[in-house]
Amino acid sequence: MTDPTRPDAPTETPSPEEEGPNFVADLVAADVAAGKHGGKVVTRFPPEPNGYLHIGHAKAIVLDFEIAKRFGGRCNLRFDDTNPEAESVEFVEAIRRDVRWLGYDWGEHEYFASDYFERLYEWAKVLIRKGLAYVDSQTPEQIRLNRGDYHRPGTNSPFRDRSVEENLALFEKMRAGEMAEGEAVLRAKIDMAHPNVVMRDPLMYRIRHVPHHRTGNRWCIYPMYDWAHGQSDAIEGVTHSLCTLEFEDHRPLYDWFLEALEIDPRPRQIEFARLNLTYTVLSKRRLLQLVQGGHVDGWDDPRMPTLSGMRRRGFPPEAIRRFCRRIGVSKREGVVDVTLLEHMVRDHLEHTAPRAMAVLDPLKVVIDNYPEDAEESFEAPNHPTDPSFGTRTLPFCRELWIDRKDFMLDPPRKYHRLAPGREVRLRYACLVTCTDVECDADGRPTVVHCTFDPASRGGTAPDGRKVRGTIHWVSARHAVRGECRLYDRLFDVENPQGEDDFLAHLNPASRVVVENAMLEPSLAGLEPGTRRQFERTGYFVVDPDSTPERPVWNRTIALKDTWAKMVARGATG
RNA sequence: UGGGGCGUCGGCAAGUGGUUAAGCCAUCGGUUUUUGGUACCGACAUUCGUAGGUUCGAAUCCUACCGCCCCAGCCA
């Protein structure tokens, strides 16, 4: 018997036709052609370590890393850790793990915005000296009020014209911890009447007397996103800073800081639309709600759209990467049909997952003309079309398990599975004909009696007669009992994000646990993460909860089921 | 009502003045099949948010209008 375990293929080089449309790549290509940055391309993936990465981040990761790769450049992993109140090392570690799992390597280029705090502080003083930044002592409330709104210009702060010396002294006091939270902020002096509210003297620093997960108590002033991001990009030599659409309004400020500091060459910010997926939610807030509300078992619940959840669910990283390439990159905000992702998952698994047989809803079959204590075995291929997967041995005896769905007392015309008087093929074993059925008081079948054709060894009829149905089975004497967790979409509406109460639309059948599935022997004792196709049922993966005594398999995704569709449509004849 | 974006098939998304308006997913037919899986074949926008205009010719240029998204955190 050949070991059917196959590792996932190594990171593929995307073929040109696989790379989806991508206007960002076109812009970068134009910059390279124009000789900007000496033709170099450096990007960065800049997560804030305050949560888990999800499929939406995967889109950004694939874009950031593959744009860099395409132009012979590199992509940095930079933690945007400027807000100590929400961030932690736990998230830093989870993010590293997920990016690696997705298949990307940032090499030595791991950075933290917090590494630049000193540099940023010095730069802030440069702006103060140029008269381009000032310490504002207004209360948060006053600042908000004086910012104006979409219809009214803002009002200058009474502290806007402090002298350079006073600003410097005050700013140093801020850093020295001599001021309370909210007592003062450092602001860029731009234009309180600017039509873009982002430009109305944006805050650069706020005071927070809280420890930071990396800098400890060294700082009590922390830079704001706008002040930290572009400068961090510049420090790292980033040439193209890719981000989502909501930062489009911030681009003028991104450029303003760079220009004020006379940084050259300057990184270029390019915005693209974030990913939305049907039948799930992707906002950090809602994901957090699912976890904290106990609606799922945690960030890595297999129903979560997080990378850790998808990993546990059994989604191959290759499939996620291909999905991200296929959806393309544009500025249109849309909702991608989750069937595209599911297609990529099935497509990858079709070629990489060894086959096996498992019965999820067992119904006993007795082969009446098979000797009580005899047993034999059949050799079955681990893949129907790829011989390199090898074969395995399937034990067989008089009593077997088949799936309840594969037997009907009174079948419709187009049903071609087992029924009284009908003959079917037991996959890779033999042909059997149903001769009798035992039922319980409710008329529910309990035992199906069959006779087998001794000449049909392997499943081929010696006389060449046609047998339409082929069903899977497991030898009762040799079956291994295991748990199967059948996962499905988390929500039962296409766009839960758009619902008033998205939690009201959780799919009650998103997880169905089968306590006693009957597994063929080869399905026991496998490592978590091992994938298999349970023939005619779906793709499964071994869950970390699995033990040698009790295998636990998660359904990654069901096989397409044309018959079920026909049944639903009433087109079964 | 200010600023910034976006509108091409059910969903993504090409197309940048002359193409029969790509491709993929979904859907619907059919062939093959020891998985009602896979594979393969076929169907699927006379039309590009709307209305005008420019042009021999427009999804592509101009004008107006309509619709949707984002922005008033000392979050990112």
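Lettering follows sequence order; numbering is per chain, from 1. As the structure is a prediction and not an experimental result, all values here were calculated from the model.
Nucleic acid contact for Arg569(A): sugar-phosphate only, since backbone atoms but no base atoms lie under 4.0 Å from a heavy atom of the residue. Base engagement by Gln533(A) is indicated by at least one non-hydrogen atom pair under 4.0 Å involving a base atom. Counting non-hydrogen atoms under 4.0 angstrom, His416(A) reaches a base of the nucleic acid.
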ring-ring contact (aromatic ring centres under 6.0 Å, His included) evaluation trace for Tyr52(A) with Phe91(A): CA-CA 7 Å; Tyr52(A) 280 72; Phe91(A) 293 126; 5.7 Å; yes
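A sub-4.0 Å separation between OP1 or OP2 of U27(B) and a side-chain N or O of Lys565(A) is present. For C25(B), one of the phosphate oxygens OP1 or OP2 lies less than 4.0 angstrom from a side-chain nitrogen or oxygen of His343(A).
Remark: C6(B) base-pairs with G67(B). Criterion, Watson-Crick or G-U wobble with two distances under 3.5 Å. When both pairing distances are held under 3.5 Å, C61(B) makes a Watson-Crick or G-U pair with G53(B). Pair assignment for C40(B): G30(B), on the basis of Watson-Crick or G-U wobble contacts that are both within less than 3.5 Å. Taking a pair to require two hydrogen-bonding distances under 3.5 Å in either a Watson-Crick or a G-U wobble arrangement, U35(B) remains unpaired. Nucleotide U46(B) forms no Watson-Crick or G-U wobble pair with any nucleotide shown, as no partner meets the under 3.5 Å limit on both distances.
Rounded to an integer number of Å, the gap from CG of Asp347(A) to P of G37(B) is 15 Å. Between the C1' atom of U35(B) and the CZ atom of Arg417(A) lies a distance of 11 Å, rounded to the nearest Å. The distance between atom CZ of Arg200(A) and atom P of G3(B), rounded to the nearest whole Å, is 11 Å. Taking atom CD on Glu342(A) and atom C1' on U38(B), their separation rounds to 17 Å, with Å as the unit. Spacing between atom CD1 of Ile557(A) and atom C1' of U38(B) amounts to 15 Å, rounded to whole angstrom units. Between His472(A) atom NE2 and G36(B) atom C1' the separation is 13 Å, expressed in whole Å. Residue Arg346(A) contributes atom CZ, which lies 18 Å from atom P of U35(B) at whole-angstrom precision. When rounded to the nearest whole Å, the span between CD of Gln497(A) and P of C70(B) equals 11 Å.
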Heavy-atom protein contacts under 4.0 Å, nucleotides 5-17 of chain B, coded B base, S sugar-phosphate only, - none: SSSB-BSSBS---
Just by protein heavy atoms under 4.0 Å, how would nucleotides 71-76 of chain B read 5' to 3' in B, S and -? BBSBSB
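Geometrically, Arg44(A) does not engage Tyr111(A) in a cation-pi contact, judged by NZ or CZ lying under 6.0 Å from the ring centre and within 45° of the ring axis. The cationic atom of Arg489(A) (NZ for Lys, CZ for Arg) lies less than 6.0 Å from the six-membered ring centre of Tyr279(A) and within 45° of the ring axis.
Around the NZ atom of Lys284(A), the shell of radius 6.0 Å holds more than 12 heavy atoms that belong to other residues, nucleotides or ligands.
For the atom pair Ile402(A) CD1 and Arg427(A) CZ, the distance stands at 15.5 Å (nearest 0.5 Å).
For Tyr428(A) and Phe378(A), the gap between ring centers reaches or exceeds 6.0 Å.
No donor-acceptor pair closer than 3.5 Å links the side chain of Glu271(A) to the backbone N or O of Glu248(A).
Between A59(B) and U16(B), the two C1' atoms lie 10 Å apart (nearest whole Å). Taking atom C1' in both C65(B) and A72(B), the straight-line distance is 28 Å, to the nearest Å. Between U60(B) and U19(B), the distance separating the two C1' atoms is 13 Å to the nearest Å. Comparing the C1' positions of U33(B) and A58(B) gives an interatomic distance of 49 Å, to the nearest angstrom. Comparing the C1' positions of U31(B) and G67(B) gives an interatomic distance of 45 Å, to the nearest angstrom. Annotation: A51(B) and C12(B) have their P atoms spaced 23 Å apart (nearest Å).
Tested against Asp136(A) for a salt bridge (charged side-chain N to carboxylate O under 4.0 Å, His left out), the candidates Arg206(A), Arg187(A), Arg200(A), Arg147(A) yield a single pass: Arg187(A). None of Arg78(A), Arg268(A), Gln269(A) except one satisfies the side-chain hydrogen bond (donor to acceptor under 3.5 Å, both in side chains) rule with Asp233(A); the exception is Arg78(A).
Glycosidic conformation at G37(B) (O4'-C1'-N9-C4 for purines, O4'-C1'-N1-C2 for pyrimidines): anti, more than 90° from 0.
No side-chain heavy atom of Ser157(A) sits less than 4.5 Å from a side-chain heavy atom of Ile143(A).
Using cut-offs of 30° and 60° on the angle between ring planes, the pair Phe247(A) and His250(A) is perpendicular.
When each of Val467(A) and Pro195(A) is assigned the nucleotide of RNA chain B bearing its nearest heavy atom, the one mapping closer to the 5' terminus is Pro195(A).
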